[in-house]
Amino acid sequence: MPKLKIMMPETGEVTHELVDEVITLGRVSDNMIQVEDGSVSSRHAQLALGGNGNYQLQDLGSTNGTRVNGAPVTEVALRHGDRVRFGQIEAAYYSDAAPTAAAEPLPAAAEPVAQPAAETHRPSNFTNASPFQKKSRQKDPIGLYIMIFAAVAFLAFVAAIVMVFSLHPPTLPPAP
């Protein structure tokens, strides 16, 4: 039989056996479970019995919210051992019903095996998606002419320097 254990600050732990299909929880006396605490809204939450024997918890627009296992919720299927918080009041849900599908562990994943490809080729519709596209090299004829002219001018300058240093001073005829 599902149970809700509520930890009250002044009176300690109070256990409520959940027997009805729909159970309301809140601060005022017209709720099936009354929790007299300022952090709990008048009509804070509702528990509805599901087909698997566990209850579905729904927050009824409470001021301070409802949390299950530390996460804020508006509606959730409760599982055995869930920690529930209504405002500042802690509670625990216990059930001997079958666990829900979410509570079952996932099967272990098989270890992936990497195999190299027998051959590789680029698909015909492959395009480069990089934001840094490779620049195509274009021929610059003016730049080429400037480089050729600079090379010829440098060679002419070197040749002129060599000729200047290879000159000999004129020899004067001997004096009579």
Side-chain angles (χ1 to χ4, degrees), residues 1-140:
M1 171 170 297
K3 296 176 184 162
L4 189 65
K5 289 186 180 182
I6 301 174
M7 284 57 108
M8 296 298 295
E10 298 85 28
T11 59
E13 187 176 283
V14 178
T15 301
H16 296 276
E17 290 187 355
L18 307 176
V19 292
D20 294 320
E21 285 193 32
V22 177
I23 300 168
T24 58
L25 182 140
R27 191 177 65 241
V28 296
S29 62
D30 66 342
N31 290 293
M32 298 176 111
I33 299 176
Q34 183 180 6
V35 180
E36 295 183 33
D37 186 82
S39 66
V40 176
S41 294
S42 303
R43 293 185 50 79
H44 197 98
Q46 174 178 297
L47 297 162
L49 185 61
N52 62 358
N54 282 318
Y55 278 83
Q56 182 88 10
L57 172 67
Q58 179 183 4
D59 184 89
L60 299 175
S62 63
T63 304
N64 293 317
T66 303
R67 294 179 171 266
V68 174
N69 298 325
V73 296
T74 54
E75 188 168 347
V76 67
L78 292 175
R79 298 178 299 189
H80 177 76
D82 278 347
R83 307 296 292 177
V84 184
R85 186 177 185 111
F86 305 102
Q88 297 297 317
I89 301 299
E90 294 283 333
Y93 175 78
Y94 297 102
S95 173
D96 45 352
T100 61
E104 296 175 8
L106 295 174
E111 185 67 30
V113 178
Q115 296 178 346
E119 62 180 75
T120 61
H121 66 281
R122 177 180 268 181
S124 61
N125 61 351
F126 178 80
T127 58
N128 186 0
S130 172
F132 306 105
Q133 298 291 329
K134 184 177 180 182
K135 292 183 179 180
S136 61
R137 295 182 55 86
Q138 295 179 354
K139 295 185 179 189
D140 183 14

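Residues passing the side-chain contact (heavy atoms from CB on, under 4.5 Å) test with Gln58, sequence neighbours excluded: Gln46, Leu60, Glu75. A search for side-chain contact (heavy atoms from CB on, under 4.5 Å) contacts involving Glu13 returns Lys5, Met7, Thr15, not counting sequence neighbours. Ser41 meets the side-chain contact (heavy atoms from CB on, under 4.5 Å) test with His44, Ser62, Thr63; sequence neighbours excluded. With sequence neighbours excluded, no residue satisfies side-chain hydrogen bond (donor to acceptor under 3.5 Å, both in side chains) with Asn64. Met8 pairs by the side-chain contact (heavy atoms from CB on, under 4.5 Å) definition with Ile6, Thr11, Val14, Val35, Ile89, not counting sequence neighbours. In this view, Glu90 and Arg85 satisfy the salt bridge (Lys or Arg N to Asp or Glu O under 4.0 Å) rule, not counting sequence neighbours.
The line from OH of Tyr93 to CG of Asp82 is 8.5 Å long, rounded to the nearest 0.5 Å. Interatomic distance, CG of Leu47 versus CG of Leu78, reported as 6.5 Å (0.5 Å rounding). With rounding to the nearest 0.5 angstrom, the CD1 atom of Ile33 is 5.5 Å from the CG atom of Leu25.
Annotation for Gly53 and Pro2: closest pair O-CG, 3.7 Å, computed over non-hydrogen atoms. Taking all atoms of both residues into account, the shortest heavy-atom contact from Ala45 to Leu57 is CB-CD1, 3.9 Å. Minimum interatomic distance between Phe86 and Val40 (heavy atoms only, all atoms of both residues): O-CG2, 3.6 Å. Taking each heavy atom of Leu4 and Ala91 in turn, the nearest pair found is CD1-CB, 4.1 Å. In plain terms, the two heavy atoms of Pro9 and Asp37 that are nearest each other are CG-OD1, 4.4 Å.
Within the 3.5 Å criterion, the main-chain N or O of Met32 finds a donor-acceptor partner in the side chain of Thr24. Asn54 places no side-chain N or O within 3.5 Å of a backbone atom of Arg79 that could act as its donor or acceptor partner. A distance-only check finds a donor-acceptor pair linking the side chain of Gln34 to the backbone of Arg27 [under 3.5 Å]. A donor-acceptor pair under 3.5 Å links the side-chain atoms of Ser39 to the main chain of Gln88, judged by distance alone.
Side-chain contact between Arg67 and Val73 is absent, with no heavy-atom pair separated by less than 4.5 Å. Side-chain atoms of Met1 and Leu18, non-hydrogen and from C-beta on, never get closer than 4.5 Å to each other.
Side-chain contact check for Asp59 and Thr74: no donor-acceptor pair (N or O, by modelled atom type) lies under 3.5 Å.
Between His80 and Tyr94, the distance from one ring center to the other falls under 6.0 angstrom.
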